[in-house]
K.L.:
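Sharing a structure here in structure tokens format.
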Amino acid sequence: MKYDFNQIEKKWQEYWAKNQTFKAENHSEKPKYYVLDMFPYPSGAGLHVGHPLGYIASDIYARYKRHQGFNVLHPQGYDSFGLPAEQYAIQTGQHPAITTETNIATYRRQLDQIGFSFDWSREVRTSDPSYYKWTQWIFIQLFNSWYNNDANKAEDISTLIKIFEIEGNTKVNAVCDDAVEMFTAEDWSVFSSKEQQAILLQYRLTYLAETEVNWCPALGTVLANDEIVNGVSERGGHPVVRKKMTQWSMRISAYAERLLQGLEAIDWTDSLKESQRNWIGKSVGAAVTFNVKNHDEVIEVFTTRPDTIFGVSFMTLAPEHDLVSKITTSEQKAEVEAYIEATAKRSERERMADVKTITGAFTGAYAEHPFTKEPIPVWIGDYVLAGYGTGAVMSVPCGDQRDYDFAKHFNIEIPNIFEGADISEEAFADKDKTIIANSDFLNGLNYKEATKTVIAELEKLGCGQGKTNYRLRDAVFSRQRYWGEPFPVYYVDGMPQMIDAAHLPIQLPEVEKYLPTETGEPPLGNATVWAWNTETNEVVSNDLIDHKTIFPLELNTMPGWAGSSWYFNRYMDANNTEAFASEEALNYWKDVDLYIGGSEHATGHLLYARFWQKFLFDKGVVPVDEFAKKLINQGMILGTSAFVFRVTLMWVDTVHHRGSREYLEELNKSFPTILCSSDTYQKYFSEELSLFELNEKYDIPELDNFICSVDTNKVDLYKLYFGDNMIHADVSFVNASDELDIEAFKNWREEYKNAEFITEDDGTFKVKREVEKMSKSKYNVVNPDQICIDYGADSLRLYEMFLGPLEQYKPWNTAGITGVHGFLKKLWKLYVDDNGLRVDDSEASADSLKTLHKTIKKVQEDIENFSFNTSVSTFMIAVNELTAQKCTSKAVLEQLLVLISPYAPHIAEELWSQLGHNESISTVAFPKFDESHLVESSKNYPISFNGKMRFTLELPLDMSKEDIEKTVLAHEKTQEQLQGRTPKKVIVVPGKIVNIVG
RNA sequence: GCUGAAGUGGUGGAAUUGGUAGACACGUUGGACUUAAAAUCCAAUGAACAUUAGUUCGUGCGGGUUCAAGUCCCGCCUUCAGUACCA
């Protein structure tokens, strides 16, 4: 019987679906294990071979855990709100829900055919109203909460109102907006409802505020910082500008410290934790206020080196700083204004790219040193960022390189306040070696002591205190898009009101057009039925808005990360209509034990999700405050692009033929399409080849015609040379030996129909290969569907793992799949031959048992270390050995199947059933490793001379060191190596090696 | 610049606490089977030298520790990813 993988795989996929083999129960005697993949956005292009890499790894782990006796939750779903469907809707008018549905169907078919052990009964889709109902619900919880710094947790807003009623806000220790006005209990009682609401917004964990946002005019939407790459939008590459807008924001800054501390408790990769740490950007230091001379103003700065306060020789403000216009003297006004104008013109990008150029201007004003009362000149410079800290720094040139460079450039004094530091060339920034000098009461102190002392002194003077700063900014939560979660919010007199949770979900309204409105409102502004009736509690027509009982609804929608910030909790109880998950389910599953996904989500999804989890934990909704114990980043599978070289006309001499440039461009259009292989290109074209040389070398009729058609009065034919132009060829036209299917290529595009190919002497045409990201535009996408048809899902699964370590980036090369496919055929033959099953009850040989147990040991270690590539090799070795041993023993072969089943589940199920089992192999106990089968009596010792291995010698393992030494020295080959010399030393490591020195 | 990861045959990659470098595959070459192809099987395959035995060199580069270094230490180089003047 042949290994008919197509039939076998179909059969078992149907079996698993029918029997709900992988359905996880929320009650079980078994210990729980939750394996999660980062759910995909269902794009229109479907899956390519790079996508399933992480899913295969997690599937192997999930299946392994089932064999280990765990109740495994391994769900999958779709992050189905998103920009591509909306863009498609804008172009075609097709409703995004329909596109999304179609795309999901494709994804599901592709996922099913790879044989994943997902529990599809728990599928979630973020765009499904039954799901986003709970996303809206969480939003309402955030709105109704404030962060109590004393309790260090989120609390219901009612507790804050109570405090306001009793004592106003003067003593409240809350995370809130920067500029909150103080009020008393009496003030509060006489505030209007609107005033009270406005105040509360400054404390809520999600709040409406005028924020400077990254506005992308082309997309008509706001982008988060991590959605912008190099100053343009991540999707589409459109320009982005800064703009002030009223937006919903999430007060993630309240959780900065807990998000940082929480990293200690979770087993995530170091690089990922490091990214999050940098993103949170904690710095400990002090806030110091400096009085401005002859003004009522003060300059507040944040510094991490308050110990260096006596080294301040100037202050620097960001050019955008509010004080600049107030304190600049009339003499300096012109210069300062010119500077501000110049920096405003420089785009953010230029400022970033060009950090070397030092610019700035003197305001003419002086601040007063809090201790010495000396005047300190106040400068502005664009190396100080308006958005960080207070937008002002106390500049200590002797201790900070940027201040140092600035001072040098503008000839500002650089006082040295460090004992024994040389600051003639650069600033001295080493905290550990710092001993303060020339600093009054700080003299002789080290960094730590000085910092403590100076903060105490500043507090005494009332002009400073210790402070911790975070780089982490509150996250903008509004998007001017259609295809996202609507907010459960309506507006009364401009103040946002939450719709009662009982009336959720608020479903996305229908719109005519998915573009922003003509008045610049978000797409929901096009909806005609988008008003809230507070009496009937339903969405009604906009015409009925009377601002008495019927009010307008929010027009923004939520960002992509809303739905993905809590989906892992929904899987625990995905079909619950009463709650986002039952308490029972949440308490049973608790958290994700293993989360696998890409590292690109380090500071987006993975930070926001931790934030929401901590919030939900504070509210008592979830039992743990970190949602994933362990996280692994899978690397990316890259494409191997294929290139052909297109010969183009180049003109070497442009000076004398200035007037005929246009003619040359014309000529290039009529120039025949000549394609050559990389070898030919290397051989001939890398050196400049002239038109006539080319024509001589190859007989190309079209080239003749072309040469005849050239008007030699306009151009000099002898001045024409060739350049190359690498063009992508679709990888499906190229075989394993890099040879191009010329006919297929010609038929691919109209422009290549009559192309001339310069082939090798043997008629072949070789492409140039280069590794690039796998993408449609590079024509290097390999579709898993075809692989499954040609080799089967088990081959695909094994091969993806075989390619290399999970976390590494590695190129795909379809040719290599024959290796693992051949392995599966060999495996099959071990069980089944032309006469049917060849497995019997014969006793296993010692060799076979040794092979088996060595395999069990290695595979178990590999899975637990997520080293899946090496276990595939281990299987190959095992099958090669068992084949050579002619093993037919059921005792051995049955166990081997269980080992392989997480990797190649279809073939394992099939052979398992052929061995006479009626139940799925999926929960059969994992084989137990028995060391006794590996015990050896002898060892093939490598015998080295001066560290170089010369020959091996089989010796008993129980032989003593002395006997080994004697035996080896007596050996004729040893004598041959020594050639009469006496060894100086003989190293014998029993069981390992013998090394003879001399 | 900083942070993190990584550099091993023609290619993907193996290699426990330092202990036979290149496992397992792909590719290539030769052979068997076949009318032929596919499939399958066998053999060779790091480089150089040598008829053979074998020798020398080899894990990015330069040093060092050690009986022994891909692995440990010091100093560099390169690539990839993240980050961007964070006071």
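In what follows, chains are A, B, ... by sequence order, proteins preceding strands, each numbered from 1.
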K.L.:
If I take atom CD1 from residue Ile417(A) and atom CG from residue Asp307(A), how far apart are they, to the nearest 0.5 angstrom?
P.N.:
6.5 Å
K.L.:
Could you check if a side-chain atom of Lys854(A) sits within less than 4.5 angstrom of a side-chain atom of Ile856(A), using non-hydrogen atoms only?
P.N.:
no
K.L.:
When the C1' atoms of rU17(B) and rA81(B) are considered, how many whole Å apart are they?
P.N.:
32 Å
K.L.:
Considering only the C1' atoms, how many Å lie between rG70(B) and rU59(B), rounded to the nearest integer?
P.N.:
5 Å
K.L.:
Looking at Lys948(A), does any N or O in its side chain come under 4.0 Å of the phosphate oxygens OP1/OP2 on rC67(B)?
P.N.:
no
K.L.:
Examine rA23(B): is either OP1 or OP2 under 4.0 Å from a nitrogen or oxygen in the side chain of Thr870(A)? Give yes or no.
P.N.:
no
K.L.:
Kindly assign one of parallel, tilted or perpendicular to the pair His821(A) and Phe5(A), based on the angle between their ring planes and the thresholds 30° and 60°.
P.N.:
perpendicular
K.L.:
Which whole number of Å gives the distance between the P atom of rA87(B) and that of rG12(B)?
P.N.:
41 Å
K.L.:
Whole Å only: how far is the CG atom of Asp382(A) from the P atom of rA84(B)?
P.N.:
17 Å
K.L.:
When rounded to the nearest 0.5 angstrom, what is the spacing between CD1 in Ile943(A) and CZ in Arg950(A)?
P.N.:
13.0 Å
K.L.:
Suppose you measure atom C1' in rG58(B) against the same atom in rC49(B); what distance do you get, rounded to whole Å?
P.N.:
14 Å
K.L.:
What integer distance in Å separates Met801(A):CE from rC26(B):C1'?
P.N.:
18 Å
K.L.:
Looking only at atom P, what distance separates rA43(B) and rA23(B), rounded to whole Å?
P.N.:
15 Å
K.L.:
Please report the distance separating the P of rU45(B) from the corresponding atom of rU52(B), rounded so that it comes out in whole Å.
P.N.:
13 Å
K.L.:
Report the base-pairing partner of rU17(B) (Watson-Crick or G-U wobble, both distances below 3.5 angstrom), or none.
P.N.:
none
K.L.:
Is the distance from OP1 or OP2 of rC86(B) to the nearest side-chain N or O of Arg402(A) less than 4.0 Å?
P.N.:
yes
K.L.:
Are Lys985(A) and rC67(B) close enough that a side-chain N or O sits under 4.0 Å from OP1 or OP2?
P.N.:
yes
K.L.:
Does a donor on one side chain and an acceptor on the other come within less than 3.5 Å for Tyr941(A) and Glu954(A)?
P.N.:
no
K.L.:
Do the side-chain N or O atoms of Arg277(A) get closer than 4.0 angstrom to the phosphate oxygens (OP1, OP2) of rG82(B)?
P.N.:
no
K.L.:
When you get a sec, tell me which of rG13(B), rU83(B), rC24(B) is the closest nucleotide to the side chain of Trp279(A)?
P.N.:
rU83(B)
K.L.:
Which nucleotide wins on minimum distance to the side chain of Arg950(A), given the candidates rU20(B), rU17(B), rU56(B)?
P.N.:
rU56(B)
K.L.:
Taking the side chain of Arg471(A) as its heavy atoms from C-beta onward, which of rC24(B), rC86(B), rC26(B) lies nearest to it?
P.N.:
rC86(B)
K.L.:
Need the glycosidic conformation of rG64(B): syn if within 90° of 0, anti if not. Which one?
P.N.:
anti
K.L.:
Using the side-chain heavy atoms of Met876(A), tell me which of these nucleotides is nearest: rC67(B), rA25(B), rC85(B).
P.N.:
rA25(B)
K.L.:
Can a side chain N or O of Tyr388(A) be found less than 4.0 Å away from OP1 or OP2 on rA87(B)?
P.N.:
yes
K.L.:
Output the single nucleotide from rU56(B), rA14(B), rG12(B) whose closest atom is nearest the side chain of Asn869(A).
P.N.:
rA14(B)
K.L.:
Go ahead and name the base partner of rA32(B); Watson-Crick or wobble counts if both distances stay under 3.5 Å, otherwise write none.
P.N.:
rU40(B)
K.L.:
Would you tell me if any nitrogen or oxygen in the side chain of Gln808(A) comes within less than 4.0 Å of OP1 or OP2 on rG13(B)?
P.N.:
yes
K.L.:
Take the protein atom CZ of Phe875(A) and the nucleotide atom P of rA14(B), then report the distance between them rounded to whole Å.
P.N.:
16 Å
K.L.:
If the cut-off is 4.0 Å, is Asn880(A) near the phosphate of rA25(B), judged by side-chain N/O to OP1 or OP2?
P.N.:
yes
K.L.:
Does the structure show a Watson-Crick or G-U wobble partner for rG75(B), both distances under 3.5 Å? Name it, or say none.
P.N.:
rC61(B)
K.L.:
What is the ring orientation for Phe929(A) with His853(A), classed by angle as parallel under 30°, tilted 30 to 60°, or perpendicular over 60°?
P.N.:
tilted
K.L.:
Roughly, in whole Å, what's the span from CH2 in Trp379(A) to P in rC85(B)?
P.N.:
22 Å
K.L.:
What's the closest nucleotide to the Lys826(A) side chain, out of rA25(B), rA87(B), rG19(B)?
P.N.:
rA25(B)
K.L.:
Between atom CH2 in Trp812(A) and atom C1' in rC26(B), what is the gap in whole Å?
P.N.:
13 Å
K.L.:
Quick check for you: to the nearest 0.5 Å, what is the distance between Phe314(A) atom CZ and Ile412(A) atom CD1?
P.N.:
4.5 Å
K.L.:
Quick check: on RNA chain B, is the nucleotide nearest Val393(A) upstream (toward 5') of the one nearest Glu861(A), or the reverse? Name the residue that is more 5'.
P.N.:
Glu861(A)
K.L.:
With both distances under 3.5 Å as the test, what is the Watson-Crick or G-U wobble partner of rU83(B)?
P.N.:
rG1(B)
K.L.:
Could you state the CG-C1' distance from Leu272(A) to rU83(B), rounded to the nearest angstrom?
P.N.:
14 Å
K.L.:
Using the C1' atoms only, state how far rC61(B) lies from rC85(B), rounded to an integer number of Å.
P.N.:
33 Å
K.L.:
Hey, do the aromatic rings of Phe823(A) and Trp828(A) have their centres closer than 6.0 Å?
P.N.:
no
K.L.:
Among rG12(B), rU40(B), rA87(B), which nucleotide sits nearest the side chain of Ser283(A)?
P.N.:
rA87(B)
K.L.:
Look through every strand shown and name the nucleotide pairing with rU45(B) as Watson-Crick or G-U wobble, where both distances are under 3.5 Å.
P.N.:
rG27(B)
K.L.:
From C-beta outward on Pro805(A), which listed nucleotide comes closest to its side chain: rA14(B), rC24(B), rC67(B)?
P.N.:
rA14(B)
K.L.:
Let's test this: given Watson-Crick or G-U wobble pairing with both distances under 3.5 Å, identify the partner of rA53(B).
P.N.:
none
K.L.:
Roughly how many Å apart are rA69(B) and rA21(B), using the C1' atom of each and rounding to a whole number?
P.N.:
11 Å
K.L.:
Between rA21(B), rC24(B), rG13(B), which one does the side chain of Ser873(A) approach most closely?
P.N.:
rC24(B)
K.L.:
RNA chain B: Val997(A) or Val872(A), which has the more 5' nearest nucleotide?
P.N.:
Val872(A)
K.L.:
Heavy atoms only, 4.0 Å cut-off, all strands: where does Thr874(A) land among base, sugar-phosphate and nothing?
P.N.:
nothing
K.L.:
Whole angstrom is fine here: how far is it from CG in Leu955(A) over to P in rU20(B)?
P.N.:
16 Å
K.L.:
Specify whether Phe406(A) and Tyr383(A) have parallel, tilted or perpendicular ring planes, treating 30° as the upper limit for parallel and 60° as the lower limit for perpendicular.
P.N.:
tilted
K.L.:
Rounded to the nearest Å, what distance is computed from the NZ atom of residue Lys886(A) to the C1' atom of nucleotide rC41(B)?
P.N.:
12 Å
K.L.:
At 4.0 Å (heavy atoms only), tell me whether Asn995(A) reaches a base, stays on the sugar-phosphate, or touches nothing.
P.N.:
base
